[in-house]
Amino acid sequence: MTVDVGAQLRKGVVEYCILGLLATEPTYGWKLSEGLVSRGLIASIGTLYPILGRLRAQGLVSSFDQQSDAGPSRRYYRVTESGHRQLAAFRTHWGPFARTVHELVGEDTP
Amino acid sequence: MTKPSIPGVVRDYLAELDRELAGVPGEVRQGIVAGIAEELEGLDASAAASRIESLGDPAFIAAEARAGVAPRSTGPKSTKLVVAPPRVSEQRWYVVVTAALLEFGVLVVPLAGWVAGIMMLWASPLWTRNEKLIATIVPPAVGVLLFGILALAGSGLAMWHALLFGGLVGPILASIVIGIVLSRRAWGRART
């Protein structure tokens with residue numbers, strides 16, 4: 001049986017990728033979804049909202065409504081102080097972790 | 001002023017999406033529908049159809065949403081982000097001590113103080129390999145460079161004073177600058 005490795009890896013990091021995107025600038029759902037779908041991190045906008053709900057419930061992300069100049073009012077999401085701390089903690093672990101995995105797994109050779 | 005009418009393609013899509021999302025928790029269901037509705041608002045039928053095509057089948061979106069909320073049924077703990085407790089070398093006080101040793105360690109215990117700072121630097125995951133290499137190589141390199149320049153410039157007792165001054169002060173100043181830069185970089189990565 002072949003395990004979907006990509007899906008398992010995405011599950012472990014997608015929350016932090018969302019925090020990382022939102023840490024750059026507050027963003028509305030559609031734009032956030034496009035950024036994640038285009039990078040292959042989520043399958044559709046349907047994947048995004050349950051994760052956003054969990055991040056909000058944990059106090060890592062908050063939302064606010066903002067009227068755009070030309071378009072409709074949108075719900076924006078931003079990282080909270082607690083979310084920034086969580087992201088910083090993840091960054092600390094990610095570099096050494098990725099290096100260790102790379103050392104152990106190596107690169108694909110023909 | 002009346003609001004522009006919603007194209008039928010948008011109305012039908014949102015209605016179908018809402019139907020497909022039946023059973024998904026209210027907050028998630030409303031978030032998805034509202035997030036898509038606000039993006040489609042104000043578009044004409046042709047532009048809206050194009051956006052809808054890029055979104056995909058409502059049934060697929062709903063299935064993804066259902067799969068995403070499923071872990072909640074096993075309890076909130078299963079979905080909580082868990083980060084291991086910080087190691088000593090990841091904490092902010094460690095950053096302060098390391099930076100202080102890099103900057104002033106050599107004045108307290110000649111050479112050994114700075115070496116202790118370098119060892120602490122390499123023992124911590126807060127700095128990148130390049131940052132560690134710069135902190136290790138640059139101060140001695142500055143010292144050797146200054147020494148070489150001043151040695152070539154002339155000779156005599158006064159010149160040897162200048163060599164001593166340049167060879168010591170140069171590396172210390174380089175270490176202070178590097179210590180400040182590295183502590184600022186690590187501060188955000190460190191855990192309290």
Side-chain angles (χ1 to χ4, degrees), chain A residues 7 11-16 18-19 23 27-34 37-38 42-60 63 65-68 70-77 82-97 99-100, chain B residues 3 17 20-21 24-43 51 54-72 76 79-87 89-91 124-129 186-192:
Chain A
K11 262 184 199 167
V13 297
V14 71
E15 275 112 341
Y16 295 103
I18 291 172
L19 289 179
T27 308
Y28 51 91
W30 181 289
K31 191 176 172 190
L32 191 55
S33 167
E34 277 193 326
V37 170
S38 67
I42 61 171
S44 79
I45 198 168
T47 318
L48 173 65
Y49 279 88
I51 301 172
L52 279 177
R54 287 201 292 277
L55 293 174
R56 283 179 67 187
Q58 291 167 33
L60 304 177
S63 65
D65 292 328
Q66 184 169 303
Q67 188 75 40
S68 64
S73 169
R74 293 184 188 278
R75 173 148 296 184
Y76 280 73
Y77 297 87
S82 171
H84 279 292
R85 282 200 299 273
Q86 193 82 321
L87 185 59
F90 177 76
R91 286 188 186 119
T92 302
H93 287 266
W94 179 251
F97 175 78
R99 277 195 295 276
T100 304
Chain B
K3 288 182 79 174
L17 181 64
E20 292 288 350
L21 286 167
V24 172
E27 189 191 359
V28 172
R29 183 179 183 175
Q30 286 159 20
I32 294 171
V33 175
I36 291 173
E38 70 188 24
E39 184 65 23
L40 298 176
E41 190 182 326
L43 298 179
R51 290 283 171 95
S54 73
L55 264 177
D57 187 355
F60 175 67
I61 293 173
E64 286 290 314
R66 214 165 273 120
V69 295
R72 293 194 98 184
T79 57
K80 187 163 175 61
L81 301 176
V82 176
V83 175
R87 285 182 286 174
S89 59
E90 296 170 0
Q91 295 182 8
S124 171
L126 293 175
W127 290 280
T128 65
R129 186 179 167 79
W187 195 254
R189 306 169 192 161
R191 297 169 70 179
T192 51

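Numbers restart at 1 for each chain; the letters A, B, ... are given by sequence-line order, proteins then strands. The structure displayed is predicted, hence computed values, not measured ones.
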> If you tally heavy-atom pairs under 4.5 Å against chain B, which of A:Ile51, A:Ile45, A:Ile42, A:Val37 wins?
Replying inline: A:Ile45

>> With chain B as the partner, which of A:Ala43, A:Ser63, A:Gly29 has the greatest number of non-hydrogen pairs under 4.5 Å?
In response: A:Ala43

>> Quick check: do B:Leu55 and A:Trp30 have side-chain heavy atoms less than 4.5 Å from each other?
In response: yes

>> Less than 4.5 Å apart, side chain to side chain, heavy atoms only: is that true for B:Glu39 and A:Arg74?
In response: yes

> Nearest heavy-atom pair of B:Phe60 and A:Ser44: which atoms, and what distance?
Replying inline: CE2-CB, 3.7 Å

> Is a side-chain N or O of A:Arg54 found less than 3.5 angstrom from the main chain of B:Gly68, in a donor-acceptor match?
Replying inline: yes

> In terms of heavy-atom proximity below 4.5 Å to chain A, should B:Arg29 be classed as side chain, backbone, both, or neither?
Replying inline: neither

>> Under 4.5 Å from any heavy atom of chain A, what part of B:Ile36 do you find: side chain, backbone, both or neither?
In response: both

> A:Lys11: what forms a salt bridge (Lys or Arg N to Asp or Glu O under 4.0 Å) with it, not counting sequence neighbours?
Replying inline: none

>> Would you compute the distance between atom CG of A:Leu48 and atom CD1 of B:Ile61 and round it to the nearest 0.5 angstrom?
In response: 11.0 Å

>> Counting only non-hydrogen atoms closer than 4.5 Å, does A:Arg99 touch chain B with its backbone (N, CA, C, O), its side chain (CB onward), both, or neither?
In response: neither

